[in-house]
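Please read the structure below before turning to the comments.
Every chain is numbered from 1, with letters handed out A, B, ... down the list of sequences.
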Protein chains: 2
Amino acid sequence: MPRYTAPVKDALFIINEVLDLQSHVEDLPSYAEATPDLIAAILEESGKFVSNELAPLNLSGDEEGCTLLEDGTVKTPKGFKEAYQAYSEAGWPSLTQDPEFGGQGMPHAVGMIIEEFLVSANHGFAMYPGLSSGAMAAINIDGSQEQKEQYLPKMVEGSWTGTMNLTEPHCGTDLGMLRTKAEPNADGSYNITGTKIFISSGDHDMSENIIHLVLARMPDSPAGTKGISLFIVPKFHINDDGSIGERNGVSVGSLEEKMGIHANSTCVMNYDQATGYLIGEKNKGLNSMFIMMNAARIGVGIQGLALSEVSYQNALDYAKDRLQMRSLTGPKNPEGPADPIIVHPDVRRMLMNSKSFNEASRCLAVWCGHLVEMSHNSTNEKRREWADDIVGLLTPIIKGVMTDEGFDNCVNNQQVFGGHGYVKEWGMEQFVRDARIAQIYEGTNGIQALDLVGRKLGANGGRSIQRYFKSVQTLIAENKENDALKDFTVPLEAGIKDLQQATMWLMQNGMANPDNAGAGSVAYMHLFGRVILGHMWLWMASVVQPKIEASEGDTAFYKTKIKTGRYFMRRRMVETKSLLAELEAGCEDVMALHEDEF
Amino acid sequence: MPRYTAPVKDALFIINEVLDLQSHVEDLPSYAEATPDLIAAILEESGKFVSNELAPLNLSGDEEGCTLLEDGTVKTPKGFKEAYQAYSEAGWPSLTQDPEFGGQGMPHAVGMIIEEFLVSANHGFAMYPGLSSGAMAAINIDGSQEQKEQYLPKMVEGSWTGTMNLTEPHCGTDLGMLRTKAEPNADGSYNITGTKIFISSGDHDMSENIIHLVLARMPDSPAGTKGISLFIVPKFHINDDGSIGERNGVSVGSLEEKMGIHANSTCVMNYDQATGYLIGEKNKGLNSMFIMMNAARIGVGIQGLALSEVSYQNALDYAKDRLQMRSLTGPKNPEGPADPIIVHPDVRRMLMNSKSFNEASRCLAVWCGHLVEMSHNSTNEKRREWADDIVGLLTPIIKGVMTDEGFDNCVNNQQVFGGHGYVKEWGMEQFVRDARIAQIYEGTNGIQALDLVGRKLGANGGRSIQRYFKSVQTLIAENKENDALKDFTVPLEAGIKDLQQATMWLMQNGMANPDNAGAGSVAYMHLFGRVILGHMWLWMASVVQPKIEASEGDTAFYKTKIKTGRYFMRRRMVETKSLLAELEAGCEDVMALHEDEF
């Protein structure tokens, strides 16, 4: 059975030494309470909880899956209900929530790490509280004070959970075609009727009530995306005293049979005159959904990292343990019948790909969490705007790149096991199957790339991308003269040049023919991803290098950072050239075939 | 349920127009009977058979899987036994086998295509006759005339099947550690005792007998790879009159639970004093196994193509059918609620990646089949040697590159379906799970890359690679002056230069430190793969371009070839640059971390 040890030390390094949250207290007074000691205690506790309570249920949860009972409710795999109870009782659902409704108000940067730990230990489980967070975000953003007071305290304490209901059989990406109806009642509520598919955590036995957030169209609303509203539809009606009442008109049509995440109940949900309550403005439901979805997209990106990390840990154990063949440079374990396979360069290559990705994308996730905090809560308006720009730009890249690379890493880590990786008992094939969904849901990675080139690049006259370039160039300039960092600054500078050239190309050629933007969007997103991860590595290297020189702190740890980062800079950054070339090839060959010629 | 239509037209184009088998009759008299009409009839019949009989069992076979019955035998999924009976009765097992033992003696080039069709329709099924072919190859190569006469006729007619038994729990790649014992009996037979794992098609209910080929060590044999011999161990003893006798001492320990290929029985096989018969020379078993394995590796490479093809066909259907969003350049289906997703450049990119790979690798597979034939049967000794050189060089690349890219294409084709690709009913996720094994078995792709850089490059003083370069350069030279082909010749020439530089780098730096070769081996293999596929495209383009200019034959088909090839040359060949840069980064960063620093 696979094991998982939460990378607490690495997370604390990023939070305390790279980002140094405490240095931002002036702008972000909420950080005052999040002292390094408190954060360390939280991360250590979380690490213990997920390793002891959730990781042991991962393989069994996959095997057993969810069951639709005869009474129409969903039973989660053995142990899940009890684990969720322990999770709620320990207060985890409230960690980053608003203190007004019972939350602990911890920084998002910390929340990102907790999300990583949860998914590494048990992706299927993590999606129950994960979707609930999404629903809480929507209520926070768009709910009336009354709605907030009605739903949030119970959700924050974890006794109620939530879901997001967007997709219908004929529309996923294209929500403008949505058909679910919302007919007004005299009392101000609505009758919701329609079918939703692919609803993660759609029903289960973990919480007392499930608060569904449902997109639907009112009879007098226009067709297309401008006629969609968002509704709260609880599984059980809520009595005036706040207690649970009768069942509402929402039921599970069936459970989807999927490639992975078997422990999560992916439901077809039937709404049949279910009572719903409008949340936010009429016909503005898609806006609300997008705000919520952007938060969810960052969370999905972290899933890519999380599965890359846990599969890496197990591949590493196996590589140290499995004896097979001798090193090309002579026996390293002469007493044994063969050398551990970690001596073989190609096995190391696969491990280093994961390690160098995991550490940089963890830094990216935490930075993004900090920027989200800054965009919401900074006392400095300019910084709020700046952070909001960067978060908007980073979101599709975090989702698209971290899940694509996370999946590739899971495949490579499975490969380290050879044939043993293909059989179920080692758990490596489950990580691959589970990681695959993250490239698809919350908008496929192709849609992320289009969001990046079609919306984010041009927003506010290109302000976000210019601001991003400036921040990288500043970092490079600060470190350029330091010879000890030239293995970082030189490749990053080359990468930034490629990214700038690619951006310029898109501006010129995407305008002339939008298919040029579409044909190169994924290449552009991955080129950008390489640069951002390289940027994180220079940032981390610039923090540790002076400490190494001063023999300050855990220099062994810092030296490993430099070596790992150097691997990324010298072996993984080289792809920016070919991604640029693919982009610049334009759309001609992509669009050349007539539909009938395929 | 997914559909499959065998690409008969494309295969005939390669066989008749690109390779033109009939033009080789002088050297290869066996080709005389394989007329274009006969080959067309065979391929059409095969295409019908696999689409009607095997493809409909693919999804159900995956769902049901194999069952180990209480009597210790394996039951294959519903319909498999009957399908295998129909397969044998139609004579498919004998297609490329030696007429001396009942075979039809058809060219290997045709056999490669039939293998592709089988795997596209039903990978799990195809592995039963596939392993049997491997076993026949070993008996053909190493068996005594008596052994050939005893086993081959029944195997050729399909009433007996075969397996290959190499792996043990503690050794896969490193067969030198093999422990299975072979103790001599007075009558010249051996008692075989040991445990083998991951035995594909290890037991089943399709054939009257199963002929296991088993690697084992005799008591007086040396340790390591030089003490391994190969044995024939039939499931049932064979009576003197050739009829089936009692059970031999071989039994199924358990069925492996796997990520995919559920319809194939992957067994733990227990040999307990089973009677075995030495085949080939004592202590030379590994040589025999490698000859057989090389043939099997080409077959596994074709599996990558086969699953890429079938997943592409279904993604294409879906892309034409699914309506979602409008084209970036204005509505293409204005009457409908949205455009078919094939209008979106990124969907096309994914489809074109598959299409341009499938057609080039099909050409490569057929060429390789032709070279195998030439290396065995050419009347010209020089050509036999030349062909043997090229086959040896191509084998690890076909296995490693075609399965890696085949898997990536299955992932992309699944991606075209969005969320629908992740649920089981569409069958797209099965292709991904099935394709994954091909990167692992018959030597992981990392081992293929090591075989390429460690053995194949240096063999006979680099003769193979020099011969390969010469053949590509000749083709480029012949077409360089043709402006209509410059989109092919220019990128291929750049690719060859990168490959030559990479080869030179390996020669110099791999010698100085073998870890340099190990650290760059996979990058080198993929760089080589790009060049070979580009080479196939120039070859095909050089065949069709004059026909287009002369308005001769199916010019619409030929023009599509040019457009598809141009996509490959201009968008996929660009990666050779970054693969070269990755290689030239050397092993320093790969090996930098001490084991404890990971």
Side-chain angles (χ1 to χ4, degrees), chain A residues 167 172-174 177 198 256-259 316 320 324-325 328-329 337-338 342 344-346 348-349 351-352 355 415 418-419 422-424 429 436-437 439-441 444 446 449 514-515 518-519 521-522 560 563 566-567 570-571 574-575 577-578 581-582 585 587 589-593 595 597-598, chain B residues 167 172-174 177 198 256-259 316 320 324-325 328-329 337-338 342 344-346 348-349 351-352 355 415 418-419 421-424 429 437 439-441 444 446 449 514-515 518-519 521-522 560 563 566-567 570-571 574-575 577-578 581-582 585 587 589-593 595 597-598:
Chain A
T167 307
T173 301
D174 196 352
M177 297 201 284
F198 303 156
E256 304 280 5
E257 302 253 357
K258 312 182 297 287
M259 183 182 194
L316 176 61
K320 288 180 176 179
Q324 209 80 174
M325 308 300 284
L328 297 170
T329 57
I342 198 168
H344 303 310
D346 190 57
R348 277 176 173 260
R349 176 187 64 83
L351 295 173
M352 289 300 292
K355 183 174 170 63
Q415 190 77 10
Y422 198 69
V423 295
K424 288 189 178 276
E429 61 89 36
R436 185 69 185 91
I437 191 59
Q439 301 172 282
I440 297 171
Y441 61 14
T444 64
D515 281 342
S521 55
V522 166
T560 303
K563 292 191 219 175
R566 206 178 263 143
Y567 176 91
R570 297 205 288 197
R571 287 186 72 96
V574 296
E575 279 172 47
K577 285 270 170 301
S578 54
E582 189 186 334
C587 70
D589 297 323
V590 178
M591 307 306 286
L593 293 195
E595 203 177 295
E597 290 179 307
F598 273 89
Chain B
T167 306
T173 300
D174 195 352
M177 297 201 284
F198 303 154
E256 304 280 6
E257 302 252 357
K258 312 182 298 287
M259 183 183 195
L316 176 61
K320 288 180 177 180
Q324 208 81 172
M325 309 299 283
L328 297 170
T329 56
I342 198 169
H344 303 309
D346 190 58
R348 278 177 171 258
R349 176 188 65 83
L351 295 172
M352 289 301 291
K355 183 174 169 64
Q415 191 77 9
Y422 198 70
V423 295
K424 289 191 177 275
E429 61 88 38
I437 190 59
Q439 300 172 283
I440 297 171
Y441 62 13
T444 64
D515 280 343
S521 55
V522 165
T560 303
K563 292 191 219 174
R566 206 178 264 142
Y567 175 91
R570 298 205 287 197
R571 287 187 72 97
V574 296
E575 279 173 45
K577 286 270 169 301
S578 54
E582 189 186 334
C587 69
D589 298 322
V590 178
M591 307 306 288
L593 293 195
E595 204 177 294
E597 292 178 306
F598 273 90

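By number of non-hydrogen pairs under 4.5 angstrom with chain B, the leading residue of A:Pro514, A:Gly446, A:Ala449 is A:Pro514. No other option in B:His344, B:Gln415, B:Glu575, B:Gln439 has as many heavy-atom pairs under 4.5 Å with chain A as B:Gln415. Ranked by heavy-atom pairs under 4.5 Å with chain A, the list B:Gln324, B:Glu429, B:Lys424, B:Lys258 is led by B:Gln324. Among B:Gly421, B:Gly418, B:Gly419, the residue making the largest number of heavy-atom pairs under 4.5 Å with chain A is B:Gly419. Each of B:Glu597, B:Glu582, B:Arg571 has some count of heavy-atom pairs under 4.5 Å with chain A, and the biggest count is that of B:Arg571. The residue among B:Gly518, B:Pro337, B:Ala585 with the most heavy atom pairs within less than 4.5 Å of chain A is B:Gly518.
Taking both residues in full, the closest heavy atoms of A:Pro345 and B:Ala519 are given as CB-N, 3.4 Å, listed atom of the first, atom of the second, then distance.
Between atom NZ of residue A:Lys355 and atom CZ of residue B:Phe598 there is a gap of 7.5 Å, rounded to the nearest 0.5 Å. With values rounded to the nearest 0.5 angstrom, A:Leu351 atom CG is found 9.5 Å from A:Tyr567 atom OH.
Contacts between A:Ile437 and chain B at a heavy-atom distance below 4.5 Å involve backbone atoms as well as side-chain atoms. Only the side chain of A:Leu316 comes within contact range of chain B, judged by heavy atoms closer than 4.5 Å. Interface remark: A:Met591 contributes backbone and side-chain atoms alike to the contact with chain B (heavy atom separation under 4.5 Å). Neither the backbone nor the side chain of A:Lys577 comes within less than 4.5 Å of any heavy atom in chain B. When heavy atoms are compared at a cutoff of 4.5 Å, A:Phe198 approaches chain B solely by way of its side chain, counted from C-beta outward.
Distance alone, capped at 3.5 Å, is enough to place a donor-acceptor pair between the A:Lys320 side chain and the B:Glu595 backbone. Judged purely by atom type and a 3.5 angstrom limit, B:Arg348 uses its side chain to pair as donor or acceptor with the backbone of A:Leu593.
Considering A:Arg566, A:Arg570, A:Lys563 in turn, A:Arg570 is the only one that fulfils the salt bridge (Lys or Arg N to Asp or Glu O under 4.0 Å) rule with B:Asp589.
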Worked check of side-chain contact (heavy atoms from CB on, under 4.5 Å) between B:Ile440 and B:Met259 = CA-CA 12 Å; B:Ile440 297 171; B:Met259 183 183 195; over 6 Å; no
